[in-house]
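Have a look at the structure below before the remarks.
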Amino acid sequence: MNWANESSSKDFILLGFTDKPWLQTPLLVLLLISYTVTIFGNVSIMMVCILDPKLHTPMYFFLTNLSILDLCYTTSTVPHMLINICRNKKTISYGGCVAQLIIFLALGATECLLLAVMAFDRYVAICRPLHYIVIMNPSFCLKMIGFSWLTGFSNSVLQSSLTLNMPRCGHQEVDHFFCEVPALLKLSCADTKSIEAELFLFSVLILLIPVTLILISYGFIAQAVLRIRSAEGRRKAFGTCGSHMVVVSLFFGTGIYMYLQPPLSTSKDWGKMVSLFYGIFTPMLNPLIYSLRNKDMKEAFKRVMSIIFFYKK
């Protein structure tokens, strides 16, 4: 790669909000709180989904995978951000930057596809309930998860290769908190228009195709729910989809805002805040949304906690 040929031994400087030192302490506190909640929330969901037999269904299998994704997603960036905030020299090695870029892109793309898979699961459960067990069999669920992970990492390798092949002419200052495509492209000393067009195409495929499939699924779901005569039945059907729709809106809304617009259309500080939201705060909110809005999850938490306390006694 051209970047590696230029100087793979030099560290990159992550500027973040170094021009606003008064933001360092509040940002440190916010990151510590959000990361702690993310770890606790997602580990709790994983534990409950694994330990409670009543949650051994495709829906909660996918939710467990989402929790694993969110946990890895934030861990790829937040620990290093916390370290950098606490020290004067805010750097990251070339290898660390490449690893961070690849992992962040891969997990983000995988989550896009996983959210579409979860929408399809809800479509089958509500629109074709009699065939649910046959369609959403364990083998098919594993294949969809495998496809999501494989596609996510393939997309990451392609986007990372395009980004890292741009010459940077010795530029080392990344105007961001972590290594992300838009920030790294700004280091290039060559014309990036063709690369940006290719990256935009990849972003359209990874973002817009899943969100289109999700909207189609929920369109069929809405039609099926409206045909239910019982108000309780309609409320229960919408309840099973409500948490997922909130998560989809948060994740895709910020992702589309960040990646499907011209690079210079917003201020650099606003772009950093949006990146923090979809990369750090959304994974923190996901377990809260699913646990607070999902009746089955709340009951499962109570059952698991009662078992834990029983064994302690």
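Values below: all heavy atoms of this structure, side chains included; hydrogens, waters and symmetry mates excluded. What you see is a predicted model; the values in this text were computed from it and never measured.
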Report yes or no: do [X] and [Y] belong to one cluster of Ile/Leu/Val/Met/Phe/Trp/Tyr joined by side chain heavy-atom distances under 4.5 Å?
X    : Y    : value
I135 : Y132 : yes
M59  : L213 : no
L215 : V247 : no

May I ask you to decide if [Y]'s main-chain N or O and [X]'s side chain share a donor-acceptor pair within less than 3.5 Å?
X    : Y    : value
S34  : L31  : yes
E111 : L69  : no
K90  : L14  : no
N137 : V134 : yes
S67  : L63  : yes

Practice problem: In sequence, state the C-alpha distance, the side-chain angles, and the governing distance for Y94 and D11, and then conclude on side chain to side chain contact (heavy atoms under 4.5 Å, CB included). | Solution: CA-CA 6 Å; Y94 174 83; D11 292 344; over 6 Å; no

Counting only pairs under 3.5 Å, give me each side-chain donor-acceptor contact of residues 97-110, with atom names and distances, residues two or more places apart or in other chains.
from : atom 1 : to   : atom 2 : distance (Å)
Q100 : OE1    : C179 : N      : 2.8
Q100 : NE2    : S76  : O      : 3.2
T110 : OG1    : A106 : O      : 2.7

Evaluate the side-chain proximity of [Y] to [X]: yes if any heavy-atom separation is below 4.5 Å, no if none is.
X    : Y    : answer
V181 : L185 : yes
L15  : V174 : no
F220 : R128 : no
R122 : S217 : no
I209 : L113 : no
L115 : P210 : no
P283 : F251 : no
I280 : M81  : yes

Practice problem: Let me see the working for D70 and L66 under side chain to side chain contact (heavy atoms under 4.5 Å, CB included), right down to the final yes or no. | Solution: CA-CA 6 Å; D70 285 339; L66 181 64; 3.9 Å; yes

Under 3.5 Å, which donor-acceptor pairs link side chains of residues 143-154 to any protein atom two or more places apart or in another chain?
from : atom 1 : to   : atom 2 : distance (Å)
S148 : OG     : M144 : O      : 2.9
T151 : OG1    : F147 : O      : 2.7
S154 : OG     : L150 : O      : 2.8

Which atom pair, heavy atoms only, marks the closest approach of [X] to [Y]?
X    : Y   : answer
T91  : H80 : O-CE1, 2.9 Å
M136 : P58 : O-CG, 3.6 Å
T38  : L71 : O-CD1, 4.2 Å

Practice problem: Kindly check if the number of other-residue, nucleotide or ligand heavy atoms within 6.0 Å of CG (L32) is above 12? | Solution: yes

Quiz item: Looking only at side chains, do Y35 and T75 share a donor and an acceptor under 3.5 Å apart?
Solution: yes

Quiz item: Are D52 and Y60 close enough that a side-chain donor and a side-chain acceptor fall under 3.5 Å?
Solution: no

Exercise. May I have the step-by-step check of side chain to side chain contact (heavy atoms under 4.5 Å, CB included) for F281 and L250, ending in yes or no?
Key: CA-CA 10 Å; F281 297 118; L250 289 173; over 6 Å; no

Self-check item: Which residues share a side-chain hydrogen bond (donor to acceptor under 3.5 Å, both in side chains) with N155, sequence neighbours left out
Solution: Q159

Quiz item: Can L142 and F61 be said to form a side chain to side chain contact (heavy atoms under 4.5 Å, CB included), step by step?
Solution: CA-CA 9 Å; L142 285 172; F61 170 67; 3.8 Å; yes

